[in-house]
Chemist: 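So that we are looking at the same thing, I have put the structure below in structure tokens.
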Number of protein chains: 2
Amino acid sequence: MRLVIARCSVDYVGRLTAHLPMAPRLILMKADGSVSVHADDRAFKPLNWMNPPCTVRESAGDDGSNLWTVTHGKSGEMLILRIEEFLHDSSHELGPDPGLQKDGVEAHLQELLAEHITTLGDGYALIRREYPTAIGPVDILCRDAEGGTVAVELKRRGDIDGVEQLTRYLELLNRDPALKPVRGVFAAQEIKPQARVLAHDRGIDCVTLDYDELRGIEPDTPRLF
Amino acid sequence: MRLVIARCSVDYVGRLTAHLPMAPRLILMKADGSVSVHADDRAFKPLNWMNPPCTVRESAGDDGSNLWTVTHGKSGEMLILRIEEFLHDSSHELGPDPGLQKDGVEAHLQELLAEHITTLGDGYALIRREYPTAIGPVDILCRDAEGGTVAVELKRRGDIDGVEQLTRYLELLNRDPALKPVRGVFAAQEIKPQARVLAHDRGIDCVTLDYDELRGIEPDTPRLF
DNA sequence: CCATAAATGTCGATT
DNA sequence: AATCGACGTTTATGG
């Protein structure tokens with residue numbers, strides 16, 4: 001990883017064109033071949049960047065400045081850095097990262113809810129996760145206490161899009177005489193008001209999930225307290 | 001902007017929980033208050049980060065390590081860095097950035113298509129761009145050769161969401177006796193298969209646009225070749 | 001490699 | 001604060 005602080009101007013030509021006037025910035029060159037140009041704001045987002053695989057060619061500009069031409073072979077995108085002054089330049093060997101472990105993404109929610117399907121109500125029974133349809137897999141298909149089929153759409157954050165998605169599934173599933181009638185449940189850790197209204201309007205039930213609670217009643221990971 | 005290369009472990013608790021084992025990484029602290037932790041891969045995306053506004057509290061760990069506790073006041077998210085060894089530490093004054101100028105392809109697409117509305121078919125005539133409705137502006141409203149009204153939804157990449165969006169517009173527009181019946185056209189540089197299927201199912205026509213071709217027949221920007 | 005869905009999506013405009 | 005749409009979305013996953 002090479003860290004360069006430099007006065008530079010940047011031009012990007014690719015999916016759009018962009019220009020950055022000359023100013024001091026951080027140029028971050030990673031071992032994966034990526035290049036990104038950061039200002040002192042915009043949080044973790046760079047002003048401009050190039051994703052690997054790309055090649056960096058160094059040359060001299062007319063005025064003695066350094067030209068770094070970063071080219072993305074496949075797409076033809078280009079990033080051109082004109083560097084007027086180097087304020088810092090250091091390289092560091094980090095080695096491969098052990099990697100990030102995440103907990104609490106939608107996949108985990110699905111596992112947990114499938115295991116504790118009665119969270120949706122007494123007498124519920126799992127049919128299967130990722131139930132395939134022509135327009136994509138339904139997150140969870142199950143039966144309620146009365147034996148009716150229930151399609152569950154699962155989101156971390158329940159937005160209006162999720163309701164639309166579930167609506168499409170329900171429309172399709174209800175064309176199948178073997179399943180019909182299929183009811184819908186929209187389950188999420190957080191459900192936006194408008195999504196709730198739309199769901200209600202379409203006869204879809206909403207359930208907010210408590211991840212910690214689901215994990216708390218998880219039998220495979222006993223706790224010490 | 002402070003650049004720290006350090007052996008550190010990281011824990012994030014917030015919208016999800018995440019853990020990073022001890023390893024050398026870049027810790028990027030910007031003047032805007034953001035903190036991000038980078039490995040030597042994943043291009044410009046950090047392993048973990050905290051957006052401003054947040055506060056950083058430094059303390060000593062049990063084993064003499066440095067503990068940096070980054071707290072996001074509003075949301076209660078936390079990022080905890082345990083630093084075992086500093087390999088580099090430098091600060092740099094960059095000042096405010098003059099800012100990024102983008103020249104997007106997408107905005108031009110609408111202009112270009114409006115000017116060359118016959119791209120959609122012979123005899124088409126523009127009514128107006130950004131035709132206002134209660135749920136937002138329709139990208140382009142026009143008439144076809146038979147005098148029928150056509151609503152055009154324009155995207156760079158035609159996804160299923162765009163079809164839903166156009167469907168909502170069509171439903172609304174078709175309630176207006178003065179316009180009714182209104183047909184839909186989904187136009188994009190690239191249309192995903194699933195979006196195409198859904199559009200067809202709803203009687204919406206799909207048109208793929210070639211940006212270069214549209215620009216090529218553009219009279220206002222003559223080219224030198 | 002293509003297609004699809006998730007993302008700590010982020011970001012900005014508008015209500 | 002919530003919603004909506006755009007993003008050079010990027011990233012992971014399955015066919």
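Everything numeric here is computed off the predicted structure, so don't read it as measured data. Order of the sequence lines fixes the chain letters, A, B, ..., with proteins taken first and strands second; residue numbering starts at 1 for each chain.
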Chemist: Rounded to whole Å, please give me the gap between CD in A:E190 and C1' in C:dA7.
Modeler: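 Spelled out: CD on A:E190 to C1' on C:dA7 is 15 Å.
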Chemist: Could you measure between the two P atoms, the one in C:dC11 and the one in D:dT11, and give it in whole Å?
Modeler: 15 Å
Chemist: Can you sort out the partners of B:E77 under salt bridge (Lys or Arg N to Asp or Glu O under 4.0 Å), two or more places apart, ordered by chain and number?
Modeler: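 For B:E77, the residues satisfying salt bridge (Lys or Arg N to Asp or Glu O under 4.0 Å) (neighbours in sequence not counted) are B:R15.
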Chemist: Side-chain N or O of B:K192 less than 4.0 angstrom from OP1 or OP2 on C:dT4?
Modeler: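 No, no such contact exists.
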Chemist: Going by atom types alone, do A:Y131 and A:D139 pair a side-chain donor with an acceptor below 3.5 Å?
Modeler: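 Judged by distance alone, the side chains do not pair up.
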Chemist: Nearest whole Å is fine: how far is D:dA6 P from B:Q189 CD?
Modeler: 14 Å
Chemist: Quick check on D:dT9: is either OP1 or OP2 less than 4.0 Å from any side-chain nitrogen or oxygen of A:R15?
Modeler: yes
Chemist: Got A:E111 and A:R129 here, is their nearest side-chain heavy-atom distance under 4.5 Å?
Modeler: yes
Chemist: Could you tell me whether the phosphate oxygens of D:dC4, OP1 or OP2, come under 4.0 Å of any side-chain nitrogen or oxygen in A:Q194?
Modeler: yes
Chemist: Using the C1' atom in both, what is the distance from D:dG8 to C:dT14, to the nearest Å?
Modeler: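 Roughly 25 Å separates the two C1' atoms.
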Chemist: Report yes if at least one side-chain N or O of B:R168 is closer than 4.0 Å to OP1 or OP2 of D:dG5; otherwise report no.
Modeler: yes
Chemist: Rounding to the closest angstrom, what is the interatomic distance between D:dC7 and C:dA7 at atom C1'?
Modeler: 13 Å
Chemist: Nearest-Å distance, CG (B:L154) to P (D:dC7)?
Modeler: 11 Å
Chemist: Keeping B:T17 on the side-chain end and B:V13 on the backbone end, is there a donor-acceptor pair under 3.5 Å?
Modeler: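 Side chain of B:T17 to backbone of B:V13, a donor-acceptor pair under 3.5 Å: no, none is there.
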Chemist: Start at the 5' end of DNA chain D and walk down; is the nucleotide closest to B:E153 or to A:R157 reached first?
Modeler: A:R157
Chemist: Does B:N51 make a side-chain N or O approach to OP1 or OP2 of C:dT8 shorter than 4.0 Å?
Modeler: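 Result: no.
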Chemist: Would you measure the distance from the C1' atom in D:dG5 across to the matching atom in D:dT9 and give it in whole Å?
Modeler: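 Roughly 12 Å separates the two C1' atoms.
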Chemist: Starting at atom CG of A:D159, determine the distance to atom C1' of D:dA6, rounded to an integer number of angstrom.
Modeler: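 Interatomic distance, CG of A:D159 to C1' of D:dA6: 15 Å.
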Chemist: Below 4.0 angstrom from OP1 or OP2 of D:dG8, is there any side-chain N or O of B:K102?
Modeler: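 Checking D:dG8 against B:K102, a side-chain N or O does come within under 4.0 Å of OP1 or OP2.
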Chemist: Check whether A:K192 reaches the backbone of A:D159 with its side chain - one donor and one acceptor, N or O, closer than 3.5 Å.
Modeler: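 No; judged by distance alone, with no hydrogens or angles, the pair does not exist.
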Chemist: Which one, D:dG5, C:dA6, C:dT8, comes nearest to the side chain of A:L100?
Modeler: C:dT8
Chemist: Just checking A:P193: base, sugar-phosphate only, or nothing, at a heavy-atom cut-off of under 4.0 Å?
Modeler: sugar-phosphate
Chemist: In whole angstroms, how far is the P atom of C:dT4 from the CD atom of A:Q165?
Modeler: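 About 13 Å, once rounded to whole Å.
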Chemist: Quick one: on DNA chain D, does B:K155 or B:K74 contact a more 5' nucleotide (nearest heavy atom)?
Modeler: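 It is B:K74 whose nearest nucleotide is closer to the 5' end.
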Chemist: Using modelled atom types only, decide if a donor and an acceptor are shared between the side chain of A:K30 and the backbone of B:A39 within a distance under 3.5 Å.
Modeler: yes
Chemist: With sugar-phosphate meaning primed atoms plus P, OP1 and OP2, does B:R196 contact a base, only sugar-phosphate, or nothing at under 4.0 Å between heavy atoms?
Modeler: nothing
Chemist: For A:M50, which contact category applies under a 4.0 Å heavy-atom criterion: base, sugar-phosphate, or nothing?
Modeler: base
Chemist: Side chain of A:N48, base of D:dG8: donor and acceptor closer than 3.5 Å?
Modeler: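 In this structure, the two groups form a donor-acceptor pair.
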Chemist: Base, sugar-phosphate alone, or nothing: which one does A:E77 contact when heavy atoms must sit under 4.0 Å apart?
Modeler: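 A:E77: base contact, heavy atoms under 4.0 Å.
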Chemist: Taking 4.0 Å as the cut-off, does a side-chain nitrogen or oxygen of B:R156 come that near to OP1 or OP2 on D:dT9?
Modeler: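 The answer is yes; a side-chain N or O of B:R156 sits under 4.0 Å from OP1 or OP2.
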Chemist: Would you mind reading off the distance between A:E106 atom CD and C:dA6 atom P, rounded to a whole angstrom?
Modeler: 5 Å
Chemist: Counting only side-chain nitrogens and oxygens, does A:W49 get under 4.0 Å of the OP1 or OP2 atom of D:dT9?
Modeler: no
Chemist: Using a 3.5 Å distance criterion without hydrogens, assess whether the side chain of B:Q194 forms a donor-acceptor pair with backbone atoms of A:I135.
Modeler: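 A pair under 3.5 Å: yes.
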Chemist: With respect to the side chain of B:L16, which nucleotide from D:dC4, C:dT8, D:dA6 is positioned closest?
Modeler: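 Of the options given, the side chain of B:L16 lies nearest C:dT8.
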Chemist: Atom CG of B:D161 and atom P of C:dA7: how far apart are they, to the nearest Å?
Modeler: 15 Å
Chemist: When the distance from CD of A:E130 to P of C:dA5 is rounded to whole Å, what number comes out?
Modeler: 10 Å
Chemist: Contact class for A:L47 vs. all strands (heavy atom < 4.0 Å): base, sugar-phosphate, or nothing?
Modeler: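 Nothing, no nucleic acid heavy atom in range.
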